Amino acid sequence: MELLQPSSLAEVEGGLLIAGGTEVVPQLRDGLLDPTTLVDVSALVPRGIDGGRIGAGATLAELEVDPQVPDALREACRLAASPQLRNMGTLAGNLLQDTRCWYWRLKFPCRLHGGDRCHAREGEHREHAIFANGFCASAHPSDVAAALVALGATLRTTRRELPVRELYRLPTEDDRRTTTLEPGEVLLEVDVPAPDASVYLKAMDRKRWSFPLVGVAAVRRGGETTVALAGAAPVPWLLDGPLDEATPLPGTAYKVELAGALVARARAAVA
Ligand SMILES: Cc1cc2nc3c(=O)[nH]c(=O)nc-3n(C[C@H](O)[C@H](O)[C@H](O)COP(=O)(O)OP(=O)(O)OC[C@H]3O[C@@H](n4cnc5c(N)ncnc54)[C@H](O)[C@@H]3O)c2cc1C
Ligand code: SF4
């Protein structure tokens, strides 16, 4: 495997990008990734924070302490992973992390790996999805993505500008990808419009260093509140209907109750 350290973004043409490496390195070790070229973009991606404009190379540790960052995003970063991981892990890498579904991580030939079964639907699935889980029942693990979706943030890449929620897509029979990222496309920065009030609440198995069973971001602007969920669907989930539209699996019904309690608390906190 070759490691490239290009001196400008114009030289980035393809290969597997790496920033903090907290997601890429474990996947290389476990054989989930086997690239011929690894492209280190850590020196090229902006990492400054200027009002609502945040470099995609900023680390979660930088975001969690910056008073310019809205509460929902700061709290989502603070509650993610561990201090060591937040010191290395970048915003871009967090948005593009893969599912934590244990069948996928253990290389079961499931639908997300191109196969014809969802092993989680039939097997162990207590951490899985309650929405949009018919084809793949994985639960999106990013607290940060849910916060940015609720905040209505826009993403700028080397190719386009798009709402953060459009970075994601539900996998289908024809296309198993969960993001719309193109080969060689680099995330550069997000633009976060200031809210009147925002909050992020997270239910997890431990108080620290645990992925969201359910994460709830609530953002109020004027009289309107937007809510997005982590850990609830294969992509960060904008909650634009009632929770009783959820389609839980037998082992994830408890998540609907959890989400109900957290959504009520989050709405009250920003009211
Ligand atoms: C044990 C553990 C616990 C965790 N807990 C949580 C949690 O509770 N909540 C949560 O939200 N997250 C959690 N995470 C995820 C963690 O926050 C991410 O691993 C980290 O933010 C990834 O950032 P990175 O810079 O290290 O990414 P990398 O590993 O460098 O890259 C990850 C992905 O992003 C791509 N990439 C990186 N930068 C760019 C760019 N600028 N443009 C395009 N593609 C890019 C890479 O190609 C790769 O696909 C956890 C991770 C671990 C290992
Ligand atoms: S939930 Fe998705 S990633 Fe997990 S086994 Fe099913 S298809 Fe694979």
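These numbers were taken from a predicted model, which means no experiment stands behind them. Note that ligands are numbered from 1 as they come in the structure, with each ligand's atoms numbered from 1 the same way.
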**Item:** Distance flag, aromatic centroids of Trp102 and His128, threshold under 6.0 Å
**Value:** yes

**Item:** Nonpolar side-chain network containing Tyr200, other nodes, edges under 4.5 Å
**Value:** Leu79, Met204

**Request:** Considering the heavy atoms of Leu60, write down every atom of ligand 1 situated less than 4.0 Å from one of them.
**Result:** 17 (O)

**Fill in**
Of Asp98, Asp143, Leu96, the residue with the heavy atom nearest atom 44 (N) of ligand 1 is Leu96

**Message:** For Thr226, give me all partners under side-chain contact (heavy atoms from CB on, under 4.5 Å), at least two apart in sequence or on another chain.
**Reply:** Leu238

**Fill in**
Contacts satisfying ring-ring contact (aromatic ring centres under 6.0 Å, His included) that involve residues 50-101 (not counting sequence neighbours) are none

**Any N or O of Ala92 closer than 3.5 Å to N or O of ligand 1** = no

**Message:** With a 4.0 Å cut-off on N to O distance, would you call Glu75 and Arg78 a salt bridge?
**Reply:** yes

**Asked** At a non-hydrogen distance cut-off of under 4.0 Å, which region of Ser210 contacts ligand 1 (side chain, backbone, both, or neither)?
**Response** backbone

**Item:** Proximity flag Lys202 to ligand 1, non-hydrogen atoms under 4.0 Å
**Value:** yes

**Prompt:** Number of protein N/O/S atoms less than 2.8 Å from atom 2 (Fe) of ligand 2?
**Reply:** 1

**Distance from atom 50 (C) of ligand 1 to nearest protein heavy atom, with residue and atom** = Phe211 CZ, 3.3 Å

**Presence of salt bridge, Glu173 and Arg176, under 4.0 angstrom** = yes

**Asked** Is the closest side-chain donor-acceptor distance between Asp174 and Thr172 under 3.5 Å?
**Response** no

**Prompt:** Has ligand 1 got any nitrogen or oxygen that is less than 3.5 angstrom from a nitrogen or oxygen of Arg100?
**Reply:** no

**Request:** Only heavy atoms count here, so choose which of Leu85, Leu187, Leu155, Leu28 is nearest to atom 2 (C) of ligand 1.
**Result:** Leu85

**Prompt:** Less than 3.5 Å between some nitrogen or oxygen of Ala56 and one of ligand 1, yes or no?
**Reply:** no

**Request:** Just jot down the ligand 1 atoms closer than 4.0 angstrom to any heavy atom of Gly89, in number order.
**Result:** 20 (C), 21 (O), 23 (O), 24 (P), 25 (O), 26 (O)

**Asked** Of Leu9, Asn94, Val45, Thr158, which has the heavy atom at the shortest distance from atom 16 (C) of ligand 1?
**Response** Asn94

**Request:** Just go through Pro141, Gly93, Ala147, Pro26 and tell me whose heavy atom is the nearest to atom 27 (O) of ligand 1.
**Result:** Gly93

**Request:** Check whether any N or O atom of Leu79, backbone or side chain, sits under 3.5 Å from an N or O atom of ligand 1, and answer yes or no.
**Result:** no

**Asked** Does Gly20 reach ligand 1 with a nitrogen or oxygen that is under 3.5 Å from one of the ligand's nitrogen or oxygen atoms?
**Response** yes

**Asked** Can you tell me the protein heavy atom closest to atom 46 (C) of ligand 1 and the distance?
**Response** Leu17 O, 3.0 Å

**Prompt:** Going by the atom numbers of ligand 1, which of them fall below 4.0 Å from some non-hydrogen atom of Ser142?
**Reply:** 11 (O)

**Prompt:** Purely on distance, is any nitrogen or oxygen of Thr90 under 3.5 Å from one on ligand 1?
**Reply:** yes

**Item:** Step-by-step side-chain hydrogen bond (donor to acceptor under 3.5 Å, both in side chains) determination, Asn133 to Thr247
**Value:** CA-CA 7 Å; Asn133 51 9; Thr247 53; 3.0 Å; yes

**Prompt:** Do you see a donor-acceptor pair shorter than 3.5 Å between the side chains of Asp191 and Thr154?
**Reply:** no

